[in-house]
Amino acid sequence: MTEPTSPVTQDVLTVPRKLPEGGKLNLVGLTRAELRDALIAAGTPEKQAKMRVGQVWQWIYHWGVRDFAAMTNLAKDYRALLDRHFEIALPEVVTCQVSLDGTRKYLLRIAGGHEVEAVYIPEENRGTLCISSQVGCTLTCSFCHTGTQKLVRNLTAGEIVGQVMVARDDLGEWPKPGEPKDETRLISNVVLMGMGEPLYNFENVRNAMQVVMDGEGLTLSRRRITLSTSGIVPEIARTAEEIGCLLAISFHATTDEVRDKLVPVNKKWNIATLLDALRDYPRLSNSERITFEYVMLKGVNDSDEDARRLIKLIRGIPAKINLIPFNEWPGSPYQRSDWERIEAFADIVYKAGYAAPIRTPRGEDIMAACGQLKSATERARKSKAQIADEAGL
Ligand code: SAH
Ligand code: SF4
């Protein structure tokens, strides 16, 4: 059998972002500082700016209001001014598929007609929203469906925050004025584990998470946000300092030889370099431990020897190992490890003192499980010329 190999980055077509029609600036996804600048530029007196930011922020992120006319604590003239300059716009929900296990997958359309997916995973004591950071991905991990999508564009901060707001809409999770505060949160956690490599879109991801973590509004604590990366080493310290969320690493192999094939970006930053960067993360981000994600591929990375090597490699790093049974997609070149193999692997890791949960695949019937996301528009393979044509290039 010839083993799958991939280049570090695929031959992608990066499409520029189209400006919104009508020229109104979307307020969703602006940081407080950016919102302040925007309000002042539109004519808000500087002296009032801080107060106005607080008010508008609360309407958008606490109450989920989309219409400036509904912002009743603002004067009518001011509401009209806001309406002339700004909009509160979210990605458009094209479809929402619901799995037999309750998982909900949203196909969302963003500016330029591109599509991304987000997935809501309800569990007994929490609800996790898995969001995307890019349309497609420039990396080519050989086991990942997203990595086969040729069209790539970074999402804006607004499109990233917008995924959280769209899911809140769908789940009916905005508070209602006058009703007692409901402390149960349907979206209690957010994971950047959808389409794309978040650390190749650092600024937008950071700004979006600042909005999501803000103490007023969506208010998710930084410990309830997990960013997953394939190992973009130069951005790891920055993630700790500027976002401070929990970190997950798509580790997946215990030798450079195998990791080069599974996660080709390993050719740029190998296992030793990656581990060095990780050793500093818990201290820099003031977080407890790093999650190592490990996809279980039959006969590729699932031996007892692999498990033992893994433990040796991560020694000294506060860690949890998330074992992910491989999720197949049409044409995928690997098979899922047998259940007994996964359990034997988990057992070795567990006995070495690490939590080693085996992730239950969720939403497989709607292709919503890890690594299965790929926008519908891209599923039918398109020629470069076709894509370029549609993107108006
Ligand atoms: N690009 C980022 C985040 C998205 S992927 C990253 O790679 O970390 C989220 C997780 O799903 C990653 O650990 C990824 O390696 C894993 N994954 C990708 N394809 C998979 C598949 N087919 N089955 C199981 N897990 C997969
Ligand atoms: Fe990109 Fe992550 Fe998929 Fe690799 S696993 S191709 S980095 S989305």
Side-chain angles (χ1 to χ4, degrees), residues 4 6-12 116-119 121 128-152 154-155 160 163 190-202 205 225-233 235-236 239 245-253 258-269 274 278 290-298 300-302 320-337 342 357-364 367-375 378:
S6 327
V8 175
T9 52
Q10 59 162 318
D11 172 26
V12 291
V116 288
E117 293 183 320
V119 179
I121 307 144
T128 304
L129 184 70
C130 175
I131 58 176
S132 294
S133 55
Q134 297 181 307
V135 175
C137 185
T138 56
L139 298 173
T140 56
C141 304
S142 50
F143 52 88
C144 173
H145 202 202
T146 308
T148 65
Q149 181 168 326
K150 290 221 177 291
L151 186 65
V152 177
N154 277 342
L155 297 190
I160 298 170
Q163 295 171 61
V190 164
V191 295
L192 281 147
M193 293 188 185
M195 298 164 68
E197 169 48 62
L199 297 189
Y200 274 163
N201 186 16
F202 187 87
V205 166
I225 296 173
T226 305
L227 181 151
S228 174
T229 177
S230 56
I232 311 304
V233 166
E235 306 291 350
I236 288 179
T239 306
C245 60
L246 302 179
L247 188 67
I249 297 290
S250 295
F251 206 61
H252 305 323
V258 175
R259 196 162 190 270
D260 279 351
K261 288 188 188 118
L262 299 181
V263 187
V265 82
N266 193 67
K267 294 178 207 163
K268 244 182 178 160
W269 298 289
L274 175 59
L278 295 181
I290 292 175
T291 300
F292 285 76
E293 297 166 280
Y294 199 97
V295 61
M296 299 298 291
L297 305 170
K298 194 178 201 158
V300 176
N301 63 355
D302 61 352
K320 160 181 152 188
I321 323 296
N322 233 328
L323 299 172
I324 316 176
F326 173 61
N327 297 308
E328 293 199 15
W329 36 273
S332 57
Y334 300 103
Q335 286 174 302
R336 180 181 290 181
S337 305
I342 301 179
I358 302 170
R359 194 182 286 173
T360 318
R362 297 290 303 263
E364 278 184 294
M367 286 282 290
C370 300
Q372 292 187 320
L373 303 186
K374 184 172 176 183
S375 330
E378 295 301 314

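In listed order, ligands and their atoms are each counted from 1. Just so you know, these numbers use all the heavy atoms, side chains as well, and skip hydrogens, waters and symmetry mates.
Between V295 and Y334, every side-chain heavy-atom pair lies at or beyond the 4.5 Å cut-off. By the 4.5 Å heavy-atom criterion applied to side chains, P330 and H145 are counted as neighbours.
Near L139, meaning under 4.0 Å from one of its heavy atoms, ligand 2 places the atoms 6 (S), 7 (S). Atoms of ligand 1 found under 4.0 Å from any heavy atom of F326 (numbered from 1 in listed order, with element): 21 (C), 22 (N), 23 (N).
Among protein heavy atoms, the minimum distance from atom 1 (Fe) of ligand 2 is reached at C137 SG, 2.3 Å. Residue, atom and distance of the protein heavy atom nearest to atom 19 (N) of ligand 1 are G371 CA, 3.0 Å. When hydrogens are left out, the protein atom nearest atom 2 (Fe) of ligand 2 is G196 O, 4.5 Å; that is the closest non-hydrogen contact. For atom 13 (O) of ligand 1, the closest non-hydrogen atom of the protein is S250 OG, 2.7 Å. Closest to atom 3 (C) of ligand 1, if we only count protein heavy atoms, is S228 O, 3.5 Å. Of all protein heavy atoms, the one lying nearest to atom 26 (C) of ligand 1 is C370 O, 3.6 Å.
Separation of atoms NZ (K320) and CD (E293) is listed at 10.0 Å; rounding is to 0.5 Å.
Residue contact annotation: C141 places an N/O/S atom under 2.8 Å from atom 4 (Fe) of ligand 2.
Ligand 1 lies less than 4.0 angstrom from a heavy atom belonging to G194. Look at W329 and you'll find a heavy atom under 4.0 Å from some atom of ligand 1.
When heavy-atom distances to ligand 1 are checked against a 4.0 Å cut-off, N327 comes that close through both its backbone and its side chain. Under 4.0 Å from ligand 1, not a single heavy atom of H145 appears. Contact annotation for L139 and ligand 1: no heavy atom of the residue comes within less than 4.0 Å of the ligand.
Within the set M193, H252, M195, E293, the minimum heavy-atom distance to atom 14 (C) of ligand 1 is found for H252.
By the 3.5 Å distance cut-off applied to N or O atoms, G196 is counted among the residues near ligand 1.
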